[in-house]
2 protein chains.
Amino acid sequence: MEVKLFDTTLRDGAQTEGISFSLEDKLKIAKLLDELGMHYIEGGWPGSNPKDIEFFKAIKKVPLKNAKIVAFSSTRRPNVAVEDDKNIATLLAAETPAVAIFGKCWDFHVTHALRTTLPENLAMIKDTVAYAKGAGKVVIFDAEHFFDGYKNNPQYALKCLQAAEEAGADVLCLCDTNGTMLAYQAQKIINEVKPKVKTALGIHEHNDSACAVSVTGMAVHCGVTHVQGTINGYGERCGNADFCAIIPILKLKAGIDCVSDKQLQKLTEISRHIAEIANLPQSAHQPFVGRSAFSHKGGIHVSAVSKHPGTYEHIKPESVGNERRVTVSELSGISNLLVKAKEYKVDLKKGSEEAKELIKILKNMEHQGYSFEEGEASFELLLKRTLGLIKPFFTLDDFIIETHKEGDQPPVVTAHVKLKVAGKLKEATGTGDGPINAIDNALRKVLEDIYPQIKSVKLTDYKVRVLDSTAGTAAKVRVIISSADETRSWGTVGVSTNVIEASWLALVDSLEYKLIG
Amino acid sequence: MEVKLFDTTLRDGAQTEGISFSLEDKLKIAKLLDELGMHYIEGGWPGSNPKDIEFFKAIKKVPLKNAKIVAFSSTRRPNVAVEDDKNIATLLAAETPAVAIFGKCWDFHVTHALRTTLPENLAMIKDTVAYAKGAGKVVIFDAEHFFDGYKNNPQYALKCLQAAEEAGADVLCLCDTNGTMLAYQAQKIINEVKPKVKTALGIHEHNDSACAVSVTGMAVHCGVTHVQGTINGYGERCGNADFCAIIPILKLKAGIDCVSDKQLQKLTEISRHIAEIANLPQSAHQPFVGRSAFSHKGGIHVSAVSKHPGTYEHIKPESVGNERRVTVSELSGISNLLVKAKEYKVDLKKGSEEAKELIKILKNMEHQGYSFEEGEASFELLLKRTLGLIKPFFTLDDFIIETHKEGDQPPVVTAHVKLKVAGKLKEATGTGDGPINAIDNALRKVLEDIYPQIKSVKLTDYKVRVLDSTAGTAAKVRVIISSADETRSWGTVGVSTNVIEASWLALVDSLEYKLIG
């Protein structure tokens, strides 16, 4: 069985609260989607958004390996000839090989939102699909509100599909626009609809009932061969069906070759890259691609997984480009700590005084708000410092940071830092965009003379998490800094009620980790 | 049909990466779960975690309206008499009315993780269930890895269920421990298993395939009457089945009276309260209870929803205690802006110069990284300032913040602020836990004399979001401050590459919003 993947990250996904893609963002994402093996990439609604017109112009110059670009539009307006409808003219002007045309299939919507008659709506569907087919397009008919419409008036919902079919649509995509469907409800309706049309069926799910991925899987099980979704499940309200789950489900669980093994192995990387472009943190718990999707914390699981990964993993993490993680935390007990020590090539014996001491220190730090899951380099430093395996490369004498703001002017920040390095007192002054950037600059000025290798350390990510946010501006914060040099990347963490102190602790760890490496 | 809700937020949910509940937290959560109408609350595994023993002691003194407390344990160990097993003794010592006993149902797990024989595992199940029944407990048998086991060796998986049934178990709960199941697969297996046992069946789902809620709904559709899950879908890896979706699905879509209408209306509040206790931000996109679950951004949706909410909402937001939101953003266009203006009782005409000017300013601010979705008070101030409806209550002359750290000592922070208020220059010095707390204190010192009403303003939340985190410590940040007085709460926002500047902007808006109110 062949299933076509139709991505709408750039159109429906762009409706997510918090997302605002630039033209450059959209082009980058389109390339990633093509790399992943999407068959269709819906780029936007040219009739509704001028930025989308720019995208369709620009994407023509981008060579794509797999995907057809799709432009989206409603049917013609009521009581207007299709050739006189500006929206439809703009749609065709996008010059894409395929178009998605949405038409309403819920009688209530036709009369109460569109405010037209039921027969006129059928004519709108028919005219628009036929006109686009006449212009040589692949036409996907998005049957908007199909399921709600079918529940309310099955005859009319079917007539809408049949109108599109008679006009030559290539796909009839059943849309659950409000995200209302459960798997067994969709199963019943699709099994009723399928014998009544000859055209390929599609599915377009929203996640308002937390069932979008599952209903999509059920639809394919019932013979649907065209699947719409978005990367990371972006989309308005609760999002669309998440391709990061749908693709591995189709490929690994339903045995459908919708992408190649190699493309599937890029899934995690592409999910994270697009999350970065969207500037929304990827949920650690996101199925298949999240950082915690294959992480093991409880003692029993860790011990079983180390014997046989299949015992607690439903698929091989490598197959989707993800990895197994054993996390260090309060619940983990001694066995996880020993696993980590072994990984760092540190000799730590079960039941030893050192191990007990470390557990005590760890519990205390976790109580303060430390979490090493994203700051593992700080954990390794803590372990090695506690066991006396490393000595500090520098110690702070003092620093002063001054932030001065006059009227509406941006603040001016100066940081002065004094360190003991290699037995000598050294100092420097730095400026910067904010207090943390200024102290970072000052610290590097002092250290680079003596430790030139830190010049290659780049801070690649800086995150602030307010821990007890109900304390207002006196809240405790956890700062996580990600760093990289030419060959490695690492994360460090600092916690304090003072964001500058927390950042300082994570900064110092970042540089010390480089120096021990 | 009657369905019993079995909550495991305190046991399986506590395995979530990033969660660490204190005893106090667990007691608070248990009370909230009871209020929501849970029939069973699993409190922990006394044999594995000493903190859980404390919980079972303490919860006895808490009067509960609905829920039975449950203690969790594995079956007895291989080749040990059940009355000699310390784990089982500890389980009964918890003195709960009900116990959940998990036993392995996957032959591969029995031989490769437990490392015992298949008949011995059956004896372990039978002995342990019978012993707990003999002690007068309600016994839920958690058939661990039931679905994986059934796929591999259906006869043996069924034998495990039958062993528990013969020993008197009250519920046979089918566990999808690795989160592997799709809805149609679960349907097939449950339909095969159901006729072969007489005891009530339960379902325990994990979300590794993004199908946990849907499979749970399917299981109930197939006749399962006991449902396990967690609030907000907490749980290790990708989490457990989310009760915040399951409860409204059962109640509103499957017509099963598992909680009362009033209890259902508490769902959003309880979800957010438990998220606060867990100190994990609730996802805005969480189905049913998220802030964005009923938010409308796109122009077409907003115009339809304002006519008939049913057009784009699958359930009434009030039924789960949530609310409809119209959000302001770049994609919204003029119609959303007009809706907001009307809400603020501001006269703004479509097509007017003021409206065009506002759209221009808004687009520019969004480009800088502003987002008013959580900082709506700043949006209202912007609108009213731009239209000349309010004048500033004070202006900044200048401020200086100094942060001084010596050696290992915590930094000392001083802020000095000079303002023009009511035509006069006023100044004050404040100290604090960090630079933002210090400037907040100094600012209030100056203002409280002249505007005593700001004494009632409490900052209830403070969030920092790094926008372009790849710029490291020079990254742009968005600060969101939530404030409240005796009767209202509001959110304000500031954006800058300097966290102090961004906080200052949000702080000023917070106080100005109070002053215009």
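Everything numeric here is computed off the predicted structure, so don't read it as measured data. A note on names: the letters A, B, ... follow the listed sequences, proteins ahead of strands, and every chain is numbered from 1.
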S.K.: Nearest 0.5 Å, what's the CD1-CD1 distance between A:I439 and A:I400?
M.R.: 10.0 Å

S.K.: Let me know if B:N207 has heavy atoms under 4.5 Å from chain A in its side chain, its backbone, both or neither.
M.R.: both

S.K.: So, B:Q187 and B:H221: side-chain donor and acceptor under 3.5 Å apart, yes or no?
M.R.: no

S.K.: What part of B:R115 gets closer than 4.5 Å to chain A, counting heavy atoms only: side chain, backbone, both or neither?
M.R.: side chain

S.K.: Check the orientation of A:F108 and A:H112. Use parallel for under 30°, tilted for 30 to 60°, and perpendicular for over 60°.
M.R.: parallel

S.K.: Quick one: what part of A:H145 sits under 4.5 Å from any heavy atom of chain B, side chain, backbone, both or neither?
M.R.: side chain

S.K.: Check each atom of A:D397 against the heavy atoms of chain B and say whether the ones under 4.5 Å are side chain, backbone, both or neither.
M.R.: backbone

S.K.: Using 30° and 60° as the class boundaries, would you call the ring planes of B:F288 and B:H314 parallel, tilted or perpendicular?
M.R.: tilted

S.K.: Tell me, side chain or backbone of B:F399 under 4.5 Å from chain A's heavy atoms, or both, or neither?
M.R.: both

S.K.: Looking at A:S209, A:S48, A:G179, which has the largest count of heavy-atom pairs under 4.5 Å with chain B?
M.R.: A:S209

S.K.: Could you tell me which portion of B:A245 (side chain, backbone, both or neither) has an atom closer than 4.5 angstrom to a non-hydrogen atom of chain A?
M.R.: side chain

S.K.: Contact part of B:T395 toward chain A, heavy-atom cut-off under 4.5 Å: side chain, backbone, both or neither?
M.R.: neither

S.K.: Of the backbone (N, CA, C, O) and the side chain (C-beta and beyond), which part of A:E402 lies under 4.5 Å from a heavy atom of chain B, both, or neither?
M.R.: both

S.K.: Which of the residues B:A293, B:A284, B:P248, B:S496 is involved in the greatest number of heavy-atom pairs with chain A at under 4.5 angstrom?
M.R.: B:A293

S.K.: For A:D242, give me all partners under side-chain contact (heavy atoms from CB on, under 4.5 Å), at least two apart in sequence or on another chain.
M.R.: A:V213, A:C244, A:Q286

S.K.: Which heavy atom of A:S503 sits nearest a heavy atom of A:I481, and at what distance?
M.R.: O-CD1, 4.1 Å

S.K.: Could A:K405 and B:D398 be called an ion pair, given the rule that one side-chain N must be under 4.0 Å from one carboxylate O?
M.R.: no

S.K.: Quick check on A:L182 against chain B: is it the side chain, the backbone, both or neither that has a heavy atom closer than 4.5 Å?
M.R.: side chain

S.K.: Within the distance-only criterion (no hydrogens, no angle test), does the side chain of A:S283 pair as donor or acceptor with the backbone N or O of A:H285 below 3.5 angstrom?
M.R.: yes

S.K.: For side-chain contact (heavy atoms from CB on, under 4.5 Å), just list the numbers for A:T177 and A:D148, CA-CA rounded to whole Å, side-chain angles, deciding distance to a tenth of an Å, and then say yes or no.
M.R.: CA-CA 8 Å; A:T177 310; A:D148 285 311; 5.8 Å; no

S.K.: Under 4.5 Å heavy-atom distance to chain A, tell me which part of B:I401 shows up: side chain, backbone, both or neither.
M.R.: both

S.K.: What part of B:V479 gets within 4.5 angstrom of chain A, counting heavy atoms only: side chain, backbone, both, or neither?
M.R.: neither

S.K.: Please look at B:H206 and chain A and tell me whether the side chain, the backbone, both or neither of the residue comes under 4.5 angstrom of a heavy atom of that chain.
M.R.: neither

